[in-house]
Structures are given as structure tokens and as C-alpha cells.
Amino acid sequence: MPRSDIGGMFMRIRGAVEPMLARLAERLPAPDAVRGGYRYEPKLDGYRCIVIVDDQGGVRLRSRRGARMEGAFPEIVAAAAAHLPAGTVADGELVRWSEDGRLDFAALRHRCAAGRHRAPELARIGPCHVVLFDLLETGGRDVRPLPLAERREILQGLMTAVPATSPLALSPQTRDITEARLWLEVLPAHGVEGVMVKAADQPYLGGRRGWLKIKHRDTVEAVIGGVTGSLDRPDRLLLGRYAEGSGRLKVVGNTGAVPPRVRDELARRLTAAEPDHPWPARLCTSWGRPPAEYARVEPLLVAEVTVDPAVDHGRWRHPARFVRLRDDMSPGDVPPPAG
């Protein structure tokens, strides 16, 4: 048996699939910037999902890190079993659409957390979708060495048998950079994070950052309420906005590490908090992390930052980028938090 067939069989039996990854880029490259050209796809806000249909037609769903997800999404399992042939391994994004047509990451996370016992009920009242964008195996044949353009053509052929009402869908793809720019500007209003950029002649490189991702970012303002590190050497900023009505300073996010060139200025201008500071001594200093100690500061300074617009429970899920201090704004000029 050829080595590629052995690798494919091991992958299907063990479910050990290393997804291909992407690195962040600042702007869309021209379509002819690489040999064979680039293809552009919307970057959806969901969970990475590898769909595995074994030789007997059994279906497994794996997260980016290999966690099992089939118990939480029986509607996806049923659709894959019904419409994808045995020996298929496909790569995609698991998403949840809200009634207003936006991608709803919070609802998707709730589905994952609810567990197997509530999965059938939640699948009926809030079904999810897997948007497929790549193919690793078909009919037990390892197609990862093939160029993306060929893998996409095979995947399109498989998806022609999938009805439009199925929770399995094919990701849009274009060679037109003008259309990709339009996606980058318009689709974030619907919960799409940005645009993926992939070389048409590139093989599927599991575990490697061979793709590019360009994220839509908004420029906004927020109040500095704390820092990690120390007041003398601030590292990341903890940001807040005053809630409408209550006037409470609500945590809305954090920055990544601030540039060294601005640390000295921040150190000179930040003021240690008084005892009546509205935030507790321990706080989640980044989205999804447990509470940790940080240095509270008086909420006197406004920072301009750029943010990925993805929000969960009113907090930016991804770190903001510090741009500058806004000396022309007071904390009361900052808009209230969203959500």
C-alpha cells in the first residue's frame, strides 16, 4: 500500500487531522502576486471543523485541536452521513446563523457547552451549519498533495449532490480582488471576520500557516481602566466604556502588548487608582481567561484602538491594537458598550 494511502487510513481511523493554518496579514495581496494566483474566501466567525466520514459511513467531527464535537451537533452528523460519500475528509467552519442573518458566535458556544443531552432539542430550535472550504480525502484517496484549485473542483463536485436546505454548505470563493475587498468592507456587518487568501497551486499543508487572513478592523475609543505589568512598565491596557443608564464602567476588552515607544508616555500619564475604583482587584485580563491580578488606574485617559468587531457578551473577543491617546476626548465622550 502506498505511503499516502497508509497515512489516509490512519487519519480516518484515529481522527488525527492537523488542519492547515493561516497567518495574519495587513492587506489583500494582488491575485497574481504568487504563481498560479490567489483565491479569496470569506473568513467566517465560528469553530474550525474537520468532517470525517469513515469507510463504513460513520461520521466524526473534530475541532482545530482534535476535540470531538459530533455529540453536540447531531444535525451536522446526519447531513454528512446522508450526503458525503464514505472515505471523505473535509475542512470547514462550524457556524450558527441568527434570525437576523448574522453569525452568532455566542449561540454557537452555547451549543458546544450545552452537552450531548440537550443536543437534539437545540438542533431543532437552533440548527448550525458547516461551511466547507477544502478537501483532504475523497473515496479514501489522500488529495492533500493536490493544488487547492484541484481540491476545490473535487469538493464542488461532491457538493452538487447536497440539497440547498442541508446544514452542509460550500464556502464562496473568488479570484476577483474587487469582490474580496467588498467582502472585507460589507460582510463584517453580518458577523464575517474578514477574508482568507489562499494560493491556487498550494497543497494542503497540515499544521503549517500557509494561508493568509486579513481581518476587518474598526477604529474606536475606550477608557483605560487598568494595565497588566505595572504602572512604571505597562504591558497591555484593560479598556472600558460607561454603560448607558447605570453609568458603570464596563470592561469591553484589552489590547495586545503596547509598542515600546508609547510605554514611557503611558507610564508618565497613568494615575494609580483610588479605593473607589469600579473594577475588582482580579479581572479577566483577556477574553476567555480566568481572573488575574492587574494594576488599576484612574479612568481618566481615552485610548484610540483598532478592534476586530467580534463581540461576546459586550466584550471584544480579540485583543485591540493601541493607536494613540485621545487628548481631545474625555471619558464621558466615549460611546457606551455594545450588547
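If you read the sequence from its start, that first residue is 1, and numbering goes on from there.
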Would Lys250 and Arg241 count as a side chain to side chain contact (heavy atoms under 4.5 Å, CB included) if you check the C-alpha gap in whole Å, the side-chain angles of each, and the deciding distance to 0.1 Å?
CA-CA 5 Å; Lys250 181 179 178 181; Arg241 285 179 164 186; 5.9 Å; no
Side chain to side chain contact (heavy atoms under 4.5 Å, CB included), that's the test. Do Val305 and Val220 meet it? Break it down for me.
CA-CA 6 Å; Val305 295; Val220 298; 3.8 Å; yes
Taking the side chain as everything from C-beta on, heavy atoms only, tell me whether [X] gets closer than 4.5 Å to [Y].
{"X": "Val252", "Y": "Val307", "result": "no"}
{"X": "Pro19", "Y": "Arg64", "result": "yes"}
{"X": "Leu103", "Y": "Trp97", "result": "yes"}
{"X": "Arg269", "Y": "Leu325", "result": "yes"}
{"X": "Arg175", "Y": "Arg39", "result": "yes"}
{"X": "Thr138", "Y": "Leu155", "result": "no"}
{"X": "Leu239", "Y": "Ile224", "result": "yes"}
{"X": "Arg62", "Y": "Arg68", "result": "yes"}

Would one find more than 12 heavy atoms of other residues, nucleotides or ligands at under 6.0 Å from atom [atom1] of [X]?
{"X": "Glu293", "atom1": "CD", "result": "no"}
{"X": "Glu153", "atom1": "CD", "result": "no"}
{"X": "Arg324", "atom1": "CZ", "result": "yes"}
{"X": "Glu99", "atom1": "CD", "result": "no"}

Joint cluster assignment, [X] & [Y], ILVMFWY side-chain distance < 4.5 Å:
{"X": "Met196", "Y": "Leu44", "result": "no"}
{"X": "Phe73", "Y": "Val130", "result": "yes"}
{"X": "Leu170", "Y": "Leu61", "result": "yes"}
{"X": "Val223", "Y": "Val323", "result": "no"}
{"X": "Val297", "Y": "Leu266", "result": "yes"}

Shortest non-hydrogen separation from [X] to [Y] and the atoms involved:
{"X": "Pro127", "Y": "Ile125", "answer": "CD-C, 3.7 Å"}
{"X": "Pro234", "Y": "Leu231", "answer": "CD-O, 3.6 Å"}
{"X": "Pro291", "Y": "Arg282", "answer": "O-NH2, 2.9 Å"}
{"X": "Arg233", "Y": "Asp264", "answer": "NH1-OD1, 4.1 Å"}
{"X": "Ala79", "Y": "Ser166", "answer": "CB-OG, 3.8 Å"}
{"X": "Pro74", "Y": "Ala123", "answer": "CG-CB, 4.1 Å"}

Any side-chain donor-acceptor pair under 3.5 Å between Ser98 and Asp100?
yes
Hey, could you give me the [atom1]/[atom2] distance between [X] and [Y], rounded to the nearest 0.5 Å?
{"X": "Ser171", "Y": "Met159", "atom1": "OG", "atom2": "CE", "result": "10.0 Å"}
{"X": "Arg144", "Y": "Leu205", "atom1": "CZ", "atom2": "CG", "result": "10.5 Å"}
{"X": "Arg315", "Y": "Asn254", "atom1": "CZ", "atom2": "CG", "result": "5.5 Å"}
{"X": "Thr174", "Y": "Tyr38", "atom1": "OG1", "atom2": "OH", "result": "15.5 Å"}
{"X": "His129", "Y": "Arg96", "atom1": "NE2", "atom2": "CZ", "result": "9.5 Å"}
{"X": "Glu193", "Y": "Leu187", "atom1": "CD", "atom2": "CG", "result": "12.0 Å"}

Side-chain donor/acceptor of [X] to backbone N/O of [Y], under 3.5 Å:
{"X": "Thr228", "Y": "Arg236", "result": "yes"}
{"X": "His216", "Y": "Leu184", "result": "yes"}
{"X": "Arg111", "Y": "Gly126", "result": "yes"}
{"X": "Arg102", "Y": "Ala189", "result": "yes"}
{"X": "Glu75", "Y": "Cys128", "result": "yes"}
{"X": "Thr255", "Y": "Leu237", "result": "yes"}
{"X": "Glu298", "Y": "Thr271", "result": "no"}
{"X": "Arg317", "Y": "Phe105", "result": "no"}

Side chain to side chain contact (heavy atoms under 4.5 Å, CB included) assessment of Thr306 paired with Lys215
CA-CA 11 Å; Thr306 62; Lys215 289 192 172 186; over 6 Å; no
For the pair Trp279 and His277, name the ring-plane relationship: parallel under 30°, tilted 30 to 60°, perpendicular over 60°.
perpendicular
Side chain to side chain contact (heavy atoms under 4.5 Å, CB included), that's the test. Do Val192 and Trp183 meet it? Break it down for me.
CA-CA 9 Å; Val192 176; Trp183 288 349; over 6 Å; no
Is it true that the NZ or CZ of Arg151 lies under 6.0 Å from the centre of Tyr204's six-membered ring and within 45 degrees of the ring axis?
no
Hey, are Arg326 and Asp333 close enough for a salt bridge, meaning a charged N less than 4.0 Å from a carboxylate O?
no
Charged N-O contact under 4.0 Å between Asp308 and Lys43
no
